[in-house]
Amino acid sequence: MSEDYDLFIIGGGINGCGIARDASGRGLRVGLAEMNDLASATSSAATKLFHGGLRYLEYFEIRLVREALKEREVLLSAMPHISWPMRFVLPYHKDMRFESTTPTSRLLGLVMPWMRGRRPAWLIRLGLFLYDHLGGRKILPATRTVTLRTAPEGQPLQDRFAKAYEYSDCWVQDSRLVVLNARDAEARGARIMVRTKVISAARDGDAWAITLEDETGQRTVRAKMLVNAAGPWVGDVIQTKIRVNSHENVRLVRGSHIVTRKLYDHDKCYFFQGEDGRIIFAIPYEEDFTLIGTTDLDHPDPSVKPVCTEDEQNYLCAFASQYFKQPVTRADVVWTYSGVRPLYDDGASAAQSATRDYVLKVDANGPPVLNVFGGKITTYRKLAESALDKIGQHLPLSQGDWTAGVPMPGGDFPVAGVQALIDGLRTDYPFLTPAWAKRLVRHYGTEARDILGDATAAADLGRDFGATLSEAELKWLMRKEYARRAEDVVWRRTRLGLRLTEDQIAAIDRFMSEHAARPVVSE
């Protein structure tokens, strides 16, 4: 039997799921196919920030930065359980340099040749002034100057750093963001199909005929319009799946991160600038670790799994060691991850110079297809709105833009209400430890109670898989959040892989195979 959709989306990353949610809320019949798990590629391998992109100001990407700055607070209000404000400390020293290819560096070298290559304090302060005011900031506090000699933020740093600037951005649990968009799309009528590969798509009269393959075999569905949101595979889909002419290209850029033991005790992030003009972040991560990244290197082929190479690990350790009193070594690294950013190919010579803006192109030579190039996690909702503007030229929409501030599942509480949720959970479920209660709220928000149900003791939640992962939570993830394998749970829905042993992860896999949930789809 054939399934008919108004809109069919290829790709279950943040752009695909964001478009699915927006389109479903506007009355379209939406199908989405992801060949692996949701957020299994780029969208689970980000630096995990809702941020304006301070360094993008040096490339004069003012529109992108303004849009991202505005979005931080819009998104924060819709998902206060998986996103929260974070303060960033930018130590300053006179040896800071520009990346030589930035427009700002070239302009400064022309106007003030004696400053060639340098990143002076007044220019950083100007950039932070713009950062504070471009986006109409209401919730997040403004930039301030920090005296590192006396402030706790200076304690982990080398004595040569005397001054820093502290500004605001936001943290987000990237994989959970994708899943919550998919769940909300499904609640509004979309069909979300994981581990379902698009074999081919061809124009057939006034619709696309799309051949899908999953564990049950192949079938064909039809849709009036197609969206190619395949991320790193967007070019491959154009060339080998839908076979349409496109003059647009994607540039694959690998960003790698290392996770180390906890390097300092406070809850702020560091923004480090290298003498080569590059920047990295050092971020408190999962309570007991520090996340350091990212690199920017061209990646040859989306079929080649990205890994954080030894050279990249050494580079990140050496970079961080230029700032921390205690050198960071490979022995401190407990985990690494790497993702491929599918950037729009604007012809930039260096990977770090390629635009982070998104480009949307429609081919309407027959039933239309929208190809999505580039984008960043902070602007995914605006990308979806822009996509719906283009989709609305071909399909009737029941309403205009609607997603701003609409809570994600579990996010229906105030931005300042996290601690109250945690305290309430501990009162009603006294067997929860503080860390356990905090993790549940930071993953599930108000839905944490749905997982715990009427339990009065930990044993009521079923089998304990370790690191506070209970059978009740695991079944929730299988039933509600499309999880099929242990890796979906421990490295994407949660980051408990950092705390679980290989034997424990194998036990989770066995349990999930034995209790395989039916695919979560709309009836």
Side-chain angles (χ1 to χ4, degrees), residues 2-24 28-44 178-179 181-182 185-186 190-204 207-214 218-246 248-250 252 302-303 340-342 344 358-375 380 383-384 386-388 390-391 394-395 482 519 521-522:
S2 177
E3 304 167 34
D4 291 326
Y5 299 99
D6 297 316
L7 191 70
F8 196 90
I9 300 167
I10 303 173
I14 188 56
N15 290 336
C17 291
I19 293 170
R21 179 192 185 222
D22 197 335
S24 299
L28 296 182
R29 294 170 298 164
V30 176
L32 180 148
E34 164 55 48
M35 64 179 177
N36 296 306
D37 179 35
L38 297 177
S40 58
T42 307
S43 296
S44 60
V178 177
V179 170
N181 271 274
E186 183 191 39
R191 180 170 182 180
I192 307 297
M193 294 163 269
V194 298
R195 304 198 183 277
T196 302
K197 190 169 186 178
V198 174
I199 301 300
S200 65
R203 287 175 166 127
D204 182 18
W208 285 91
I210 306 148
T211 301
L212 306 175
E213 183 176 70
D214 60 16
Q218 291 190 3
R219 68 184 189 280
T220 298
V221 303
R222 293 177 65 82
K224 297 175 183 176
M225 186 170 181
L226 198 63
V227 173
N228 173 12
W233 292 271
V234 63
D236 178 68
V237 168
I238 290 172
Q239 294 166 16
T240 69
K241 301 296 190 295
I242 61 178
R243 295 185 175 88
V244 297
N245 292 323
S246 173
E248 314 297 326
N249 293 309
V250 65
L252 303 180
S303 65
V340 177
R341 306 183 192 98
Y344 179 69
Y358 53 83
V359 175
L360 308 176
K361 294 290 184 178
V362 174
D363 181 320
N365 294 313
V369 56
L370 170 64
N371 294 307
V372 179
F373 301 90
Y380 88 89
L383 182 152
S386 297
L388 266 295
K390 292 185 177 296
I391 291 166
H394 303 276
L395 300 175
Y482 318 97
V521 298
S522 303

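On a predicted model such as this, the values are computed, not experimentally measured, just so you know.
Across all their heavy atoms, P342 and P232 have their closest contact at CB-N, 3.6 Å. When all heavy atoms of P367 and A207 are compared, the pair lying nearest together is CG-N, 3.4 Å. C17 and A182 get closest at one heavy-atom pair: SG-CB, 3.9 Å. Nearest heavy-atom pair across A33 and L212 is CB-CD2, 4.2 Å.
Looking at heavy atoms from C-beta onward, Y5 lies out of side-chain contact with V30 at the 4.5 angstrom threshold. Put simply, the side chain of L252 reaches to within 4.5 Å of the side chain of P302, judged on heavy atoms. Looking at heavy atoms from C-beta onward, R222 lies out of side-chain contact with F8 at the 4.5 angstrom threshold. Between D4 and R29, the closest side-chain pair of non-hydrogen atoms falls below 4.5 Å. At least one side-chain heavy atom of M35 sits under 4.5 Å from a side-chain heavy atom of W233. A heavy-atom distance below 4.5 Å is found between the side chains of I242 and V237. Considering only heavy atoms from C-beta on, V369 stays 4.5 Å or farther from V227 through its side chain. In this structure, the side chains of T211 and V198 stay at 4.5 Å or more apart for every pair of heavy atoms.
Tested against I210, the residues T220, D204, V221 include a single side chain to side chain contact (heavy atoms under 4.5 Å, CB included) partner, V221.
N228 pairs by the side-chain hydrogen bond (donor to acceptor under 3.5 Å, both in side chains) definition with N371, not counting sequence neighbours. Listed by chain and number, the residues in a side-chain contact (heavy atoms from CB on, under 4.5 Å) with S43 are I14, A39, V178 (sequence neighbours excluded).
For residues 227-239, every residue pair satisfying the salt bridge (charged side-chain N to carboxylate O under 4.0 Å, His left out) rule, not counting sequence neighbours, is listed here: D236-K241.
If you take CZ on R195 and CG on L38, they are separated by 9.5 Å, rounding to the nearest 0.5 Å. The line from CD1 of I19 to CG of L32 is 9.5 Å long, rounded to the nearest 0.5 Å. Interatomic distance, CG of L395 versus CG of D6, reported as 6.0 Å (0.5 Å rounding). Taking CG of L360 as the start and CZ of F373 as the end, the distance is 9.5 Å to the nearest 0.5 Å. Atom CG of residue L226 and atom CG of residue L7 lie 8.0 Å apart, to the nearest 0.5 angstrom. To the nearest 0.5 Å, atoms CD (E34) and CD1 (I192) are separated by 10.5 Å.
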Give the C-alpha distance, both sets of side-chain angles, the deciding distance and a yes or no for side-chain contact (heavy atoms from CB on, under 4.5 Å) between K197 and N36.
CA-CA 8 Å; K197 190 169 186 178; N36 296 306; over 6 Å; no

With side-chain contact (heavy atoms from CB on, under 4.5 Å) as the criterion, how do I391 and M225 come out once you've worked through the C-alpha distance, each side chain's angles and the decisive distance to 0.1 Å?
CA-CA 8 Å; I391 291 166; M225 186 170 181; 3.9 Å; yes

Please test N181 against Y380 for side-chain hydrogen bond (donor to acceptor under 3.5 Å, both in side chains), starting from the C-alpha separation and ending with a verdict.
CA-CA 11 Å; N181 271 274; Y380 88 89; 3.2 Å; yes

Could you give me the CA-CA distance, side-chain angles and deciding distance for V372 and L383, then say whether side-chain contact (heavy atoms from CB on, under 4.5 Å) is met?
CA-CA 9 Å; V372 179; L383 182 152; 4.0 Å; yes

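Within the 3.5 Å criterion, the main-chain N or O of A384 finds no donor-acceptor partner in the side chain of R21. In this structure a side-chain-to-backbone donor-acceptor pair under 3.5 Å is present from T42 to V340. With hydrogens and angles disregarded, a donor-acceptor distance shorter than 3.5 Å links the side chain of S24 to the backbone of A20. The backbone N or O of K224 sits nowhere less than 3.5 Å from a side-chain atom of W208 that would complete a donor-acceptor pair.
For the pair R219 and D214, the salt-bridge criterion is met [side-chain N within less than 4.0 Å of a carboxylate O].
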